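This report refers to the structure that appears directly beneath it.
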Amino acid sequence: MTSLGTASAAPGEMDTGRLTVGETRDGTPVGLPVAVVNGAEDGETLYVQAASDGDELNGVGVVSRVVPRLDPADLSGTVLVTGIANYFGFQVAEHRNPIDDTKLNRAYPGDPNGSSSERIAHATFEAATRADLILDLHQGSTSRMINEVRVRCGRHHRLHRKCLELAKVFDCGYILDQKGPEGQLARAAPDEGVPTIDPELGGCVGWDEESIEYGVRGVFNVLRHYGFLPGDHDPEHPEPQTRAHAFDRYGSPAGGLVDYAVEIGDEVERGDTLFRVVDVFGQVKAEISADNDGVFWRSRRLPQVASGEYVCSVGTTIDTY
């Protein structure tokens, strides 16, 4: 039997249940929705997690479509799933956990006796590091963003190449290869010897069908490539990915409305106009151009900005991996 929380499945079976991470303010137990899909044949273990940030719902859409398609009779190995990690943030559609005002994906590896987020991080980290591979499904919050996969362990980490391989196999077309902040699952889990990636499945309010399909396809690419499922995904020749190593971030020099000159995914050269800021009568107040060559990676969704407010990001130091 393989168990995760109250979900328990023998070989050739699947089960769903709850992973207890604490209690609400009235003493009601809080359990994250989890699933165990235990293959009929022996093999490795894949851990999949969604909604570490409570307003990032595309990963939940991926989980809801992948799990029903997993037949334990066809599976070699085990898939462990936490469908919603940031329980409290998800309930109110907020990025951070409102109980402790913490971003869950800065709390790993967690603490069983710590804050609400540290307790959730501890429970999910224990589950994740039982696996041989980890997919931590994210999106660009409610910003507009390219579909990408992030490798967060850093270029000098002993698992860097394995994390890059996993990112390439997932195949969103774009990779950000940049060491992440402390407390991210995709940075902490490689320290425990588990290759981990952070697919950022676009950005939206609610969820986006195209980005969810990128995620569904990516999960099945991983399952086939690493031998969990039979299939025709070529293990020797995953598609080349456009890779960025850093971001240039741009704020607004004036208050007004943003008028973009480029679209998400466009290649830009140094000096190209990225956006203009206009007043409510359409008069141009400022024009911002790219500092470096790169790819237009992310932008705010709402047009109105104050002076100094974030507008967009350009992925830089681009190569192909």
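A quick note: this is a predicted structure, and the numbers were derived from the prediction, not measured.
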Which pairs would a plain distance check flag for residues 104-112, meaning a side-chain donor or acceptor within less than 3.5 Å of a matching protein atom at least two apart in sequence or in another chain?
unit_1: Asn105; atom_1: OD1; unit_2: Leu185; atom_2: N; d: 3.0
unit_1: Tyr108; atom_1: OH; unit_2: Gln49; atom_2: NE2; d: 3.1
unit_1: Tyr108; atom_1: OH; unit_2: Thr124; atom_2: OG1; d: 2.9
unit_1: Asp111; atom_1: OD1; unit_2: Asn113; atom_2: N; d: 2.8

Take atom [atom1] in [X]; do more than 12 heavy atoms of anything else shown fall under 6.0 Å from it?
{"X": "Arg65", "atom1": "CZ", "value": "yes"}
{"X": "Lys179", "atom1": "NZ", "value": "no"}
{"X": "Glu41", "atom1": "CD", "value": "no"}
{"X": "Gln91", "atom1": "CD", "value": "yes"}

For a quick check under 3.5 Å, do [X] and [Y] share a side-chain donor-acceptor pair by atom type?
{"X": "Asp191", "Y": "His157", "value": "yes"}
{"X": "Ser117", "Y": "Asn97", "value": "yes"}
{"X": "Asp15", "Y": "Ser8", "value": "no"}

- Show the numbers, then the answer: is there a side chain to side chain contact (heavy atoms under 4.5 Å, CB included) between Val311 and Ile288? CA-CA 10 Å; Val311 175; Ile288 303 301; over 6 Å; no
Quick one: does any side-chain atom of [X] pair with a main-chain N or O of [Y] as donor and acceptor, under 3.5 Å?
{"X": "Glu44", "Y": "Gly77", "answer": "no"}
{"X": "Asn86", "Y": "Ala51", "answer": "no"}
{"X": "Asp279", "Y": "Gly256", "answer": "no"}
{"X": "Ser143", "Y": "Ser141", "answer": "no"}
{"X": "Glu239", "Y": "Asp171", "answer": "no"}
{"X": "Thr6", "Y": "Arg18", "answer": "yes"}
{"X": "Asp74", "Y": "Pro230", "answer": "no"}
{"X": "Lys103", "Y": "His95", "answer": "no"}
{"X": "Arg119", "Y": "Gly114", "answer": "yes"}

What closest approach, in Å, do [X] and [Y] show between heavy atoms, and which atom pair accounts for it?
{"X": "Leu4", "Y": "Val81", "answer": "CD2-O, 3.9 Å"}
{"X": "Leu176", "Y": "Ala246", "answer": "CD1-N, 4.1 Å"}
{"X": "Pro195", "Y": "Lys162", "answer": "CG-CB, 4.0 Å"}
{"X": "Thr273", "Y": "Glu287", "answer": "OG1-OE2, 3.2 Å"}
{"X": "Ile120", "Y": "Ala85", "answer": "CG2-O, 3.3 Å"}
{"X": "Arg152", "Y": "Pro181", "answer": "NH2-CD, 4.0 Å"}

Does a side-chain heavy-atom distance below 4.5 Å link [X] with [Y]?
{"X": "Leu229", "Y": "Leu75", "answer": "yes"}
{"X": "Asp291", "Y": "Tyr250", "answer": "yes"}
{"X": "Met14", "Y": "Val67", "answer": "yes"}
{"X": "Asp136", "Y": "Gln184", "answer": "no"}
{"X": "Leu223", "Y": "Leu46", "answer": "yes"}
{"X": "Trp207", "Y": "Leu201", "answer": "no"}
{"X": "Glu165", "Y": "Tyr226", "answer": "yes"}
{"X": "His138", "Y": "Ser52", "answer": "yes"}

- Item | Candidate pair Tyr47 and Thr129, rule side-chain hydrogen bond (donor to acceptor under 3.5 Å, both in side chains), full reasoning | CA-CA 8 Å; Tyr47 176 81; Thr129 52; over 6 Å; no
Given the rule that I, L, V, M, F, W and Y join up when any side-chain heavy atoms are under 4.5 Å apart, are [X] and [Y] in one cluster?
{"X": "Leu70", "Y": "Leu135", "answer": "yes"}
{"X": "Val219", "Y": "Leu57", "answer": "yes"}
{"X": "Leu19", "Y": "Leu80", "answer": "yes"}
{"X": "Leu133", "Y": "Val151", "answer": "yes"}
{"X": "Ile146", "Y": "Val216", "answer": "no"}

- Is any NZ, NE, NH1 or NH2 atom of the basic residue among Arg144 and Glu263 found under 4.0 Å from an Asp or Glu carboxylate oxygen of the other?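 Yes, this pair counts.
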- Passing option when Asp177 is tested against His160, Gln241, Arg150 for side chain to side chain donor-acceptor pair (under 3.5 Å):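 Option passing the side chain to side chain donor-acceptor pair (under 3.5 Å) with Asp177: His160.
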- Message: Name the residue from Asn292, Leu274, Val295 that meets the side chain to side chain contact (heavy atoms under 4.5 Å, CB included) definition with Val314.
- Response: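 Among the candidates, only Leu274 passes.
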- Restricting to pairs with a member in residues 80-89, which pass salt bridge (charged side-chain N to carboxylate O under 4.0 Å, His left out), not counting sequence neighbours? none
- Message: Give me each pair satisfying salt bridge (charged side-chain N to carboxylate O under 4.0 Å, His left out) with a member in residues 295-319, each pair once, sequence neighbours excluded.
- Response: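 Every salt bridge (charged side-chain N to carboxylate O under 4.0 Å, His left out) pair that includes a residue of residues 295-319, provided the two are not neighbours, is Arg243-Asp319, Arg300-Glu309.
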- Task: List the steps, then state whether side chain to side chain contact (heavy atoms under 4.5 Å, CB included) holds for Ile84 with Leu32.
- Result: CA-CA 6 Å; Ile84 298 167; Leu32 310 181; 5.8 Å; no
- Step by step, would you call Ile99 with Thr24 a side chain to side chain contact (heavy atoms under 4.5 Å, CB included)? CA-CA 9 Å; Ile99 299 300; Thr24 64; over 6 Å; no
- Of Asp101, Asp53, Asp55, which is the lone residue that meets salt bridge (charged side-chain N to carboxylate O under 4.0 Å, His left out) with Arg96?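 That would be Asp101; it is the only one of Asp101, Asp53, Asp55 passing the salt bridge (charged side-chain N to carboxylate O under 4.0 Å, His left out) with Arg96.
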- Item | From CA spacing to verdict: side chain to side chain contact (heavy atoms under 4.5 Å, CB included), Val258, Tyr260 | CA-CA 6 Å; Val258 177; Tyr260 293 103; 3.5 Å; yes
